[in-house]
Amino acid sequence: MNSTTMRSTWVVLCAVLGCSVQAEAALYQIDDGTPNFVMGAPAGHTLMVMTSYQEQPNAQVITSIGGFWGSGAAGNTVTLMLYDDPDDDGNPDDAVLLTSVNTTAGSLSDFSVPITPTEISGWFFVALLYDTPTGTTAAGTLDTDTQLARSWAAISDVGTFDINDLTNNDNPIQPVASLYTTSGDGAVMLRAVGVVPEPSTALLLSMGGFFLWAGRRRLFKRGQLFS
């Protein structure tokens, strides 16, 4: 069983069985921890903001999404999302949604929300989606001191945002500096935690697979298993 198969097996079994595994965690983060700018959209619109990351060794299974809340979204429901980048060019024009979770926003504070353990490969995106039906809802934050050109934004009317084709929105996905012209290439403050299974866990999974195979073979020889 190769390492990719082993990792995928662990993700599936943990999701099904709810197993708890001690694994070394790695934090995906490019912001410096200090917000300089809150990100909102006009009333009646939905805003998505996202930041891109590249898969790191020992962090291929994402277990939580975090970041820093803006000042105007406390108590509102927002959606945190994880996207794959199929061609690994760091551009979300063709991003593919992997998983999402709804949560309730806080105000001017760090946050971390568990997600279904999800395997990533190559480049991927961490996104925040929220509605502004009335007034101002500034759930996202931007670190303008970090100028890495790896953050993006899109806006559409409430109820029309296309999460599966980010180019199919009123203001399609584009570098954050294009929508927030005073920000430069600031970093949207979204992060992720990635892990891999402990070697001992991978070994147990391999042994489990072996014993299942051995038991099936034994039954077959005894004539108790026909296919």
Trainee: With clusters defined by side-chain heavy atoms of hydrophobic residues (ILVMFWY) lying less than 4.5 Å apart, directly or transitively, does V49 cluster with F161?
Mentor: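 Hydrophobic grouping puts F161 apart from V49.
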Trainee: Evaluate the side-chain contact (heavy atoms from CB on, under 4.5 Å) criterion for residues L97 and M81: first the C-alpha distance (whole Å), next the side-chain angles of each, then the deciding distance (0.1 Å), finally the verdict.
Mentor: CA-CA 7 Å; L97 181 62; M81 315 172 86; 3.9 Å; yes
Trainee: Does D31 have any salt bridge (Lys or Arg N to Asp or Glu O under 4.0 Å) partners at least two apart in sequence or in another chain, and if so, which?
Mentor: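 For D31 the salt bridge (Lys or Arg N to Asp or Glu O under 4.0 Å) partners, ignoring immediate neighbours, are R191.
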Trainee: Are F125 and L166 connected, step by step, through hydrophobic side chains (Ile, Leu, Val, Met, Phe, Trp, Tyr) whose heavy atoms are closer than 4.5 Å?
Mentor: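 Result: yes, single cluster for both.
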Trainee: In Å and rounded to the nearest 0.5 Å, what is the CG to OG1 distance from L142 to T51?
Mentor: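 OG1 of T51 is found 8.0 Å from CG of L142.
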Trainee: Would V188 and Y83 show up in the same hydrophobic cluster when neighbours are defined by side-chain heavy atoms closer than 4.5 Å?
Mentor: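 No: no chain of side-chain contacts under 4.5 Å links V188 to Y83.
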Trainee: Please check: side-chain N/O of Y180 versus main-chain N/O of G40, any donor-acceptor pairing under 3.5 Å?
Mentor: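 Yes, the answer is positive, given that a donor and an acceptor are paired below the 3.5 Å cut-off.
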Trainee: Minimum heavy-atom separation for S107 to S71, with atom names?
Mentor: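 Smallest interatomic distance, heavy atoms only, reads OG-O, 3.6 Å.
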Trainee: Can you measure from CD (Q174) to CG (N91) and round to the nearest 0.5 angstrom?
Mentor: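 The CG atom of N91 is 11.5 Å from CD of Q174, to the nearest 0.5 Å.
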Trainee: Which atom names give the shortest non-hydrogen contact between E119 and L98, and what distance separates them?
Mentor: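 That closest heavy-atom pairing would be O-CD1, 4.2 Å.
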Trainee: Got a donor-acceptor contact below 3.5 angstrom from the Q147 side chain to the T144 backbone?
Mentor: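 Pair found, side chain donor or acceptor close to backbone of T144.
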Trainee: Ignoring hydrogens and geometry beyond distance, is a side-chain donor-acceptor pair present between T46 and D131 at under 3.5 Å?
Mentor: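 A donor-acceptor contact under 3.5 Å links the two side chains.
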Trainee: Hey, what do you get for CD (E55) to CG (D88), rounding to the nearest 0.5 Å?
Mentor: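 Answer rounded to 0.5 Å: 9.0 Å.
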Trainee: When hydrophobic residues are tied together by side-chain contacts of less than 4.5 Å, even through go-betweens, does Y130 share a cluster with F37?
Mentor: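 The answer is yes; both residues are in one hydrophobic cluster.
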Trainee: Same hydrophobic cluster for I155 and V158, using side-chain heavy-atom links shorter than 4.5 Å among ILVMFWY?
Mentor: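 The answer is no; the residues belong to distinct hydrophobic clusters.
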Trainee: Pick one: which of V101, V113, I115 meets side chain to side chain contact (heavy atoms under 4.5 Å, CB included) with I65?
Mentor: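 The side chain to side chain contact (heavy atoms under 4.5 Å, CB included) with I65 is passed solely by I115 among V101, V113, I115.
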Trainee: Kindly indicate whether the side chain of W152, heavy atoms from C-beta on, has any atom under 4.5 Å from the side chain of V176.
Mentor: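 Side-chain contact under 4.5 Å: no.
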Trainee: Could you walk me through whether S100 and T79 satisfy the side-chain hydrogen bond (donor to acceptor under 3.5 Å, both in side chains) test, starting with their C-alpha distance in whole Å, then the side-chain angles of each, then the deciding distance to 0.1 Å, before giving a yes or no?
Mentor: CA-CA 7 Å; S100 64; T79 304; over 6 Å; no
Trainee: May I ask you to decide if D157's main-chain N or O and D170's side chain share a donor-acceptor pair within less than 3.5 Å?
Mentor: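 Yes, D170 side chain to D157 backbone: donor-acceptor pair under 3.5 Å.
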Trainee: In sequence, state the C-alpha distance, the side-chain angles, and the governing distance for F124 and L82, and then conclude on side-chain contact (heavy atoms from CB on, under 4.5 Å).
Mentor: CA-CA 7 Å; F124 66 98; L82 190 68; 3.7 Å; yes
Trainee: For A105 and A73, which heavy atoms make the closest approach, and how far apart are they?
Mentor: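 Looks like CB-O, 3.3 Å.
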Trainee: On the 0 to 90° scale, with breaks at 30° and 60°, tag the F111-W69 ring pair as parallel, tilted or perpendicular.
Mentor: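 Because their plane-to-plane angle is under 30°, the rings of F111 and W69 count as parallel.
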Trainee: Give, for atom OG1 of T34 and atom CE of M189, the distance between the pair rounded to the nearest 0.5 Å.
Mentor: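 Answer for the OG1-CE pair, T34 versus M189, is 6.5 Å.
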Trainee: Please examine the side chains of N171 and L179, heavy atoms only from C-beta on, and report whether any two atoms are closer than 4.5 Å.
Mentor: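 Result yes, sub-4.5 Å side-chain heavy-atom pair found.
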Trainee: Taking the side chain as C-beta and beyond, is there a heavy-atom pair between N102 and V78 under 4.5 Å?
Mentor: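 N102 does not reach V78 side chain to side chain.
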Trainee: Given Y28, which partner from the list V193, I120, V126 fulfils the side chain to side chain contact (heavy atoms under 4.5 Å, CB included) test?
Mentor: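 Checked V193, I120, V126 against Y28; only one passes side chain to side chain contact (heavy atoms under 4.5 Å, CB included): I120.
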Trainee: Would a 4.5 Å heavy-atom cut-off, applied to side chains only, mark T77 and T103 as touching?
Mentor: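 Heavy-atom side-chain distance check fails, nothing below 4.5 Å.
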Trainee: Show your working on side-chain contact (heavy atoms from CB on, under 4.5 Å) between D85 and D94 and close with a plain yes or no.
Mentor: CA-CA 7 Å; D85 183 3; D94 57 352; 3.5 Å; yes
Trainee: Could you please spell out the steps behind the side-chain contact (heavy atoms from CB on, under 4.5 Å) verdict for W123 and Y53?
Mentor: CA-CA 6 Å; W123 284 88; Y53 291 102; 5.5 Å; no
Trainee: From M48 CE over to S156 OG, what is the distance, rounded to the nearest 0.5 angstrom?
Mentor: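 That separation rounds to 11.0 Å.
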Trainee: So, do R150 and I30 sit near enough that their side-chain heavy atoms are less than 4.5 Å apart?
Mentor: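 Yes. Closest side-chain heavy atoms under 4.5 Å.
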Trainee: For the atom pair CG (L47) and OG1 (T132), what is the distance rounded to the nearest 0.5 Å?
Mentor: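 If we round to the nearest 0.5 Å, L47:CG and T132:OG1 are 7.0 Å apart.
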Trainee: When you compare the side chain of I173 with that of D93, does any pair of heavy atoms fall below 4.5 Å?
Mentor: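 They are in contact (side-chain heavy atoms under 4.5 Å apart), so the answer is yes.
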Trainee: Answer yes or no: is there a donor N or O on one side and an acceptor on the other, between the side chain of D143 and the main chain of P35, under 3.5 Å?
Mentor: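 The answer is no, because no donor-acceptor pair under 3.5 Å joins these two groups.
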Trainee: Would you say that V61 contacts T118 through its side chain, given a criterion of any heavy-atom pair below 4.5 Å between the two side chains?
Mentor: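 When only atoms from C-beta onward are counted, T118 and V61 do not touch, as no gap falls below 4.5 Å.
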